[in-house]
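This report concerns only the one structure given below.
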Amino acid sequence: MNRLGYAYDWTREVMTCRPEYYRWEQWLFTKMFEKGLVYRKNSVVNWDPVDQTVLANEQVIDGRGWRSDALVERREIPQWFMKITAYADELLDELDRMPGWPDSVKTMQRNWIGRSEGVELTFAVAGEDEPLTVFTTRPDTLFGVTYMAVAAEHPLAVKAAAGNAEVAAFIEECKQTDAAEATLETMEKKGMALGINVIHPLTGEDVPLWVANFVLMSYGTGAVMAVPGHDERDWEFAKKHGLPIKQVIAPLDGSEIDIEEAVFIDKGVTVNSGDYDGLSYEDAFNGIADWFEESGRGRRTVNYRLRDWGVSRQRYWGTPIPIIYCDDCDAVPVPEDQLPVVLPEDVEFTGHGSPLKDMPEFVNVACPKCGKDARRETDTFDTFVESSWYFARYACPDNDKAMLDERAAYWTPVDQYTGGIEHAILHLMYARFFQRVMRDEGLTDVSEPFTNLMTQGMVLKDGAKMSKNKGNTVDPQELIVKYGADTVRLFMMFAAPPEQTLEWSDDGVQGSFRFLKRFWNAVQNHVDGGKVADLDVASLNAAQKDMRRKTHQSIAKISDDLGRRATFNTAVAASMELINSITRFEDDSDAGRAVVHEGLEAVVLMLSPMVPHICHALWATLGHKTALIDVPWPQVDESALEAEMAEIVVQVNGKLRGRVSVAADADRDAIGQQALADPNVQRFVEGKEVRKIIVVPGRLVNIVV
RNA sequence: GCCGGGGUGGCGGAACUGGUAGACGCGCCGGAUUCAAAAUCCGGUUUCCGAAAGGAAGUGGGGGUUCGAUUCCCCCCUCCGGCACCA
């Protein structure tokens, strides 16, 4: 990376696997514990029953373990969570004030947080003391509820299974799947009646309760009310299982619909809804919500799709979670003076679970509170924890007294953050969350970690993602030896805009090399011509003016491409065009050479961010004593952009039929008349009635006949 | 399934605010230079018709709005990223 000329400051290097680094996230975790920002609850993992280990979603292939080939089960185990949901509104609202982030990423994050306003409703369950609570954003469809469904892990389902072998078998079947959302959303929707009835709170009717594989314990309350007439998934499920479908919403335009033929999910006007008939969505929503609130059976509430961040991993490689379990004191955070909890490295791998569990010297520890024998947590942190704050630590990597110090106040937020689009949600959401946790701990005043975000594309080689896994990487060292660092840099900038995937091409690298040689020769040949006279703008001939216009148009375009658009590929293309124009411009006069000199200086300066080594040398070649890096960016001379004539395209009925050269200050009528006079245009206008002439000054004329 | 982003010559890509589709580069073809080759330079290169002038078609597919659509709207196909334990 040094040979490529990247100016990384290696004195700021951090290594997230070192205790000097991870002790601070252990410390922050204990602070979060004190504030109630972390908690432990049961949650689902992929369990490989043969290898006796927890698998990542990626390690589950078609529902089987990648090594054992065993059918994976969902299993619930206690895990630590960070309360990112406590910041849901802030994380959502701030997106509106982040102009430096791409809209696509902000949209993805908004959808991910998924704020929705709705109502929590309780339904009495026949024969049970505890009512069933569901969340809905469509209380206006309440009269259309024809069944309810709970998750396989829901207490009501578990209870029903105890007395019903079929239900028990179905619940077991539901667990035979991995925990990935994509799997749950695409698998066949299955369900079974539990033989339990729920009482509809408004009609008093019995509603059957089902258990269904698409209802998740971890979402909301683990129970849903089903309105098959007005919800796509409920409709399909009802059709499949012969459940009744009831229309309770009618289209606003008064048209008739057949709810048995097609689901109707739009908001409309209520029908078949008892006292709440004939109401708009808002009125029905409020009327029903009020009734529930007044009767104490429900409340308006805000629901988020965003779930708390599960940080426990049942793996050895990672930062130990700084918790000690004591029979008397429960979970106790490791006191600050006992941090860091260092991951032991003299371990034996058994192939079954984390080796930390088999290390009494690690596990057995005195309770920090009462001193009794206690046990250390053997789970480690999700590695996303490490990547959620490293950028701030760059400011003060050497501080062994604090997580961040006053240097972070100077350097953060990060001005420009670059990463792959695959990080659009998880990493970038966790980092935004962590930044706020650090802020609320008094470590920083900064809320948003990254002011400007660039999401770069992948590099492909032969159509496949370039990666060590696939063994299709390109060795930059080899290319640097063969062509020099500037050629490699130029190709990477030129091949595609940064946010797009880049197709590696050896021929393309060769082409960049050729261009740099032409660039070099153009400057050298010019300098070989001897001394250059001062540029006298007033005395230029037409061709010299044209050349000079090209220079200043290029300065305008390249400055904009680099500064505003960040399209480095088009900036390189424009530089190539300028060099091509200069090379073709053969004029050895004093004025001609002065114009060329100006153009070459501009392009040397403007290519320097991309090919710094060559440009540094060429700047000296052009006769400058000052180092290029200390020279200001070239400025556009607006007067150079003015042209006396403009080429205008002429269309007839929108089809290109000719071009005319018109005076730059010609009025619309004159331009139109000149367009009409063009011989080829005449061929298409002749004998037809001209209905309209559209003139776009400086661009085109369209004659409608 | 849901969310986000793509699909333009043989290839990478350009066209920024609805106004010349294919800039720039690669590749290929022809020429110059050379004993020859490499390198370099010059010219050509969307497809089809035509000697040319010029014409027709054309931006994943279908429809629409407009004088004019790669660009805006609707429907569809397809590829890529993400879907909370790959990071």
Side-chain angles (χ1 to χ4, degrees), chain A residues 43-46 54-60 79 84 102-112 114 178-187 189 214 218 232-233 305-315 382-384 386-387 419-427 429-430 455 457-458 460 465 469 491 494-497 499-512 514-515 517-518 521 557 560-561 564-565 567 569-570 572-577 580 583 647-657 659 680 683 691-694 696 698-705:
Chain A
S43 115
V44 170
V45 293
N46 301 308
V54 174
L55 298 179
N57 285 335
E58 191 197 40
Q59 297 166 332
V60 179
Q79 308 208 67
I84 191 172
D103 289 336
S104 58
V105 173
K106 288 188 281 191
T107 303
M108 280 190 264
Q109 293 214 345
R110 276 188 201 103
N111 293 338
W112 186 259
D178 63 275
E181 192 195 65
T183 310
L184 296 163
E185 290 282 330
T186 50
M187 72 188 177
K189 308 283 182 287
F214 54 85
S218 50
E232 188 100 45
R233 188 177 65 186
R305 212 186 74 92
L306 180 70
R307 309 199 300 263
D308 279 336
W309 178 12
V311 292
S312 295
R313 294 293 179 272
Q314 296 69 42
R315 284 190 243 298
D382 178 2
T383 51
F384 269 129
E386 277 83 66
S387 58
I421 184 68
E422 68 272 22
H423 295 299
I425 295 173
L426 293 182
H427 164 59
M429 191 80 82
Y430 294 145
T455 53
M458 301 177 292
L460 302 184
K465 183 174 176 172
N469 266 344
F491 170 70
F494 181 54
E499 59 281 341
Q500 225 170 87
T501 54
L502 181 155
E503 181 72 41
W504 191 268
S505 153
D506 290 335
D507 284 335
V509 175
Q510 180 76 39
S512 294
R514 270 206 293 267
F515 167 70
K517 278 197 285 189
R518 277 193 289 133
N521 290 336
K557 166 148 184 69
D560 188 47
D561 283 353
R564 178 183 63 91
R565 295 212 302 156
T567 52
N569 56 328
T570 55
V572 172
S575 304
M576 288 173 168
E577 278 190 61
N580 289 346
T583 312
E647 189 178 73
I648 299 266
V649 160
V650 186
Q651 297 179 336
V652 179
N653 286 352
K655 290 192 179 225
L656 179 63
R657 297 302 181 194
R659 314 155 190 269
N680 198 50
R683 291 205 302 136
R691 309 184 76 152
K692 204 195 246 183
I693 298 180
I694 293 144
V696 183
R699 289 219 178 250
L700 62 61
V701 176
N702 188 15
I703 299 163
V704 185
V705 299

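Just so it is clear, the model here is predicted, and its values are computed rather than measured. Chain A is the first sequence line, chain B the second, and so forth, proteins listed ahead of strands; every chain is numbered from 1.
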Just checking [X]: base, sugar-phosphate only, or nothing, at a heavy-atom cut-off of under 4.0 Å?
| X | answer |
| --- | --- |
| A/Trp309 | nothing |
| A/Gln79 | base |
| A/Val45 | base |
| A/Val572 | nothing |
| A/Arg110 | nothing |
| A/Asn680 | sugar-phosphate |
| A/Gln510 | nothing |
| A/Gly310 | sugar-phosphate |
| A/Thr501 | sugar-phosphate |

Considering only atom [atom1], compute the distance from [N] to [M] and round it to an integer number of Å.
| N | M | atom1 | answer |
| --- | --- | --- | --- |
| B/G22 | B/A14 | C1' | 7 Å |
| B/A53 | B/U47 | P | 16 Å |
| B/G50 | B/A39 | P | 36 Å |
| B/A57 | B/C42 | C1' | 32 Å |
| B/U17 | B/C72 | P | 9 Å |
| B/G25 | B/U45 | P | 14 Å |
| B/C76 | B/G4 | P | 15 Å |
| B/C2 | B/U71 | P | 25 Å |

Please give the nucleotide sitting opposite [N] as a Watson-Crick or G-U wobble pair, both distances under 3.5 Å, or none.
| N | answer |
| --- | --- |
| B/G27 | B/U45 |
| B/U40 | B/A32 |
| B/A21 | none |
| B/A84 | none |

Nucleotide nearest [X] (side chain, heavy atoms from C-beta), chosen from [options]:
| X | options | value |
| --- | --- | --- |
| A/Phe494 | B/C83, B/G1, B/G25 | B/G25 |
| A/Asp560 | B/G12, B/A14, B/C16 | B/C16 |
| A/Arg313 | B/A56, B/C85, B/G1 | B/C85 |
| A/Arg518 | B/C41, B/G19, B/C67 | B/C41 |
| A/Leu426 | B/G54, B/C83, B/G12 | B/C83 |
| A/Thr186 | B/G19, B/G55, B/G1 | B/G1 |
| A/Asp507 | B/C26, B/A15, B/G12 | B/C26 |
| A/Lys557 | B/C24, B/C85, B/C16 | B/C16 |
| A/Met576 | B/C86, B/C16, B/G25 | B/G25 |
| A/Asn111 | B/C3, B/C83, B/C41 | B/C3 |

Assert: residue with more 5' nearest nucleotide on RNA chain B, out of A/Val649 and A/Ala56, is A/Val649
Note: for A/Ala180 and A/Gln651 on RNA chain B, the residue whose nearest nucleotide lies more 5' is A/Gln651
Whole angstrom is fine here: how far is it from [atom1] in [X] over to [atom2] in [N]?
| X | N | atom1 | atom2 | answer |
| --- | --- | --- | --- | --- |
| A/Phe491 | B/C26 | CZ | C1' | 9 Å |
| A/Arg233 | B/C2 | CZ | P | 12 Å |
| A/Met429 | B/C83 | CE | P | 12 Å |
| A/Glu647 | B/A23 | CD | P | 16 Å |
| A/Asp506 | B/G12 | CG | C1' | 13 Å |
| A/Arg307 | B/C3 | CZ | P | 17 Å |
| A/Asn57 | B/G82 | CG | P | 13 Å |
| A/Gln500 | B/G13 | CD | C1' | 8 Å |

If only side-chain N and O atoms of A/Asn569 are considered, is one of them under 4.0 Å from the OP1 or OP2 phosphate oxygen of B/A14?
yes
With a 3.5 Å cut-off and no angle check, do the side chains of [X] and [Y] form a donor-acceptor pair?
| X | Y | value |
| --- | --- | --- |
| A/Asn46 | A/Asn57 | yes |
| A/Asn680 | A/Arg683 | yes |
| A/Arg305 | A/Asn111 | no |

Working for side-chain contact (heavy atoms from CB on, under 4.5 Å), residues A/Val311 and A/Phe384
CA-CA 8 Å; A/Val311 292; A/Phe384 269 129; over 6 Å; no
Keeping the roles fixed (side chain from A/Gln500, backbone from A/Pro497), state whether a donor-acceptor pair exists under 3.5 Å.
no
